[in-house]
> 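Right, I'll just put the structure down here and ask away after.
Chain identifiers are assigned alphabetically (A, B, ...) following the order of the sequence lines, protein sequences preceding nucleic acid strands; residue numbering begins at 1 within each chain. All values below were derived from every heavy atom in this structure, side-chain atoms included, with hydrogens, water molecules and symmetry-related copies excluded.
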Protein chains: 2
Amino acid sequence: MGQDLVSRLRADIVSHIFMPEAKLKFADLTKRYDVGIGTLREALSQLVSEGFVTLEAGKGFKVAQVSREELIEVTDHFVDLEKRAIADAIAHGDDDWESHIVAAHHRLSIIENLPWAQRMERHGEWVQRHREFHESLVAACQGRWLFRLRSMMFDQLDRYRFLSKMSLDGQGKKKFEEHRLIMQAVLDRDVAKATEMIEEHIRGTTEAGLKVL
Amino acid sequence: MGQDLVSRLRADIVSHIFMPEAKLKFADLTKRYDVGIGTLREALSQLVSEGFVTLEAGKGFKVAQVSREELIEVTDHFVDLEKRAIADAIAHGDDDWESHIVAAHHRLSIIENLPWAQRMERHGEWVQRHREFHESLVAACQGRWLFRLRSMMFDQLDRYRFLSKMSLDGQGKKKFEEHRLIMQAVLDRDVAKATEMIEEHIRGTTEAGLKVL
DNA sequence: GACAATCAGATTTTCGAAAAATTTATATTC
DNA sequence: GAATATAAATTTTTCGAAAATCTGATTGTC
């Protein structure tokens, strides 16, 4: 399915299998993903609007750059949007929303509790479950564009989260504890605490990323 | 060129040539725009990420809905982002930026000074020049994502601007004067006044749109 | 040697035909 | 007559060949 190809491409860009500014040639990609040129082109042009890929007319597709400046800006936008989305979700969330959060957190904690080496092996899964956990927190957000914009920024941060993975080694346990506390604050419907913790959580990761860039 | 097709499609959606929720069939579109299916698909999938079109797997493309709720939400996001972008642009803009604003305003005023009937005839051009004027105001904005997000919301508002066109009949002169005053405030580097005026300018149009929806 | 023109190879872009899927219409059964 | 199954028609989706474009090397000229 098409949407799945977009996700696979994005995942490969996020995990730096395709390095920033690398050329994305159709000849290579059709082999790697076993799809036709047209299908690929459609997926890539979607990633252009998402900001992961750039397209220069006649010169083809390239992986978008990463930079300190962008990381800082994206972090600021994400923190701002995420706080609002969390508040919105806490205001509107029901029992179903709560139980989905608990479930997503459990799935994430299974990987986060693994020994370091194993956790690294399953980094792709971690990214996925981490995304799902954070998304579950704001799933009850009523503002559709608020949700959309914050998800866009979250996806962008995923690229930098991978970079910070290296300088993050010792911090695994700390991040894990933060996830639990954020969940608790959200379930307690404590907007002030939840937003404050989220901000600290995100900015901490960004700090680590800035060290590598 | 591909990008141009995206613009033409967007313009036709904005101007309600394709009504909200209307099905976008390839058979029709290939004739209308005289391009192949693949090219069309690429353009449409870009409009999906922009939020103008929806895609249900296997069921094809449809024009995205419009609603009071969305208009209100998009307005709020746009006002917020535009104010920040204007402040950013005023902080960084140079002489070149200023002169582009004056030029864009002049081009817009040529159409806005036309008698009502003629102005309506050239509504497509007005939309384009109106976009260019507003974009020129924030062109010096350094935050690339701030610029991007605000442009996204501006494009969304274009859909509703068309709706408000009808209930706007008497207000043409007022809007024209507002554009001049906003330009003046920006050129004076008066952030407080510029942001205040922009907000009033936008919310006024949204009010008109809400009457129709 | 510096610069422009030319050409071959590689890459992107476009297109429409074939395959897959969905919807609509028709027939069959209870 | 309603419900289900079958067939036809419509529409979407995929794919790769052909056209257009770009890149880089080679040749020729000043």
> Rounded off to whole Å, could you give me the CG-to-C1' distance for the B/Asp34 and C/dC15 pair?
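These atoms are roughly 11 Å apart.
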
> B/Trp97 and B/His100: aromatic ring centres closer than 6.0 Å?
no

> With a 4.0 Å cutoff (strictly under), does any side-chain N or O of A/Lys23 reach OP1 or OP2 of C/dT12?
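Looking at the OP1 and OP2 atoms of C/dT12, one of them is under 4.0 Å from a side-chain N or O of A/Lys23.
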
> Please walk me through it: do A/Gln128 and A/Glu132 pass side chain to side chain donor-acceptor pair (under 3.5 Å)?
CA-CA 6 Å; A/Gln128 177 67 15; A/Glu132 281 163 10; 2.7 Å; yes

> Rounded to whole Å, please give me the gap between CZ in B/Phe26 and P in D/dT14.
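Going from CZ in B/Phe26 over to P in D/dT14 covers 10 Å.
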
> Does C/dG16 have its OP1 or OP2 closer than 4.0 Å to a side-chain nitrogen or oxygen of B/Thr30?
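So the side-chain polar atoms of B/Thr30 never come under 4.0 Å of the phosphate oxygens OP1 or OP2 of C/dG16.
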
> Look at all strands and tell whether B/Leu24 reaches a base, only sugar-phosphate, or nothing, counting heavy atoms closer than 4.0 Å.
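Sugar-phosphate contact only.
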
> Rounded off to whole Å, could you give me the CZ-to-P distance for the B/Phe61 and C/dT22 pair?
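Atom-to-atom, B/Phe61 to C/dT22, this comes out as 15 Å.
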
> Run the side chain to side chain donor-acceptor pair (under 3.5 Å) check on B/Gln142 and B/His92 step by step: do they pass?
CA-CA 7 Å; B/Gln142 296 294 291; B/His92 297 103; 4.8 Å; no

> Would you mind reading off the distance between B/Glu42 atom CD and C/dT13 atom P, rounded to a whole angstrom?
8 Å

> May I have the distance from A/Lys25 (atom NZ) to D/dT21 (atom P), rounded to whole angstrom?
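Nearest whole value for this atom pair: 21 Å.
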
> Expressed as a whole number of angstroms, how long is the span from B/Leu29:CG to D/dT12:C1'?
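Nearest whole value for this atom pair: 13 Å.
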
> Of all the nucleotides listed (D/dT13, C/dT11, C/dT23), which has the minimum atom distance to the side chain of B/Lys59?
C/dT23

> Send over the distance from A/Asp28 CG to C/dA10 P, rounded to a whole Å.
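Result: 14 Å.
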
> ring-ring contact (aromatic ring centres under 6.0 Å, His included): which pairs involve residues 32-60 of chain B, sequence neighbours left out?
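Qualifying pairs: none.
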
> From the list D/dT13, C/dT13, D/dT12, which nucleotide is the closest neighbour of the side chain of B/Arg41?
D/dT13

> Could I get the full list of salt bridge (Lys or Arg N to Asp or Glu O under 4.0 Å) partners for A/Arg129, not counting sequence neighbours?
A/Glu125

> Rounded to the nearest Å, what distance is computed from the CD1 atom of residue B/Ile37 to the C1' atom of nucleotide C/dA18?
11 Å

> Quick check on DNA chain D: between A/Gly36 and A/Gly58, whose nearest nucleotide comes earlier from the 5' end?
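Nearest-nucleotide comparison on DNA chain D picks A/Gly36.
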
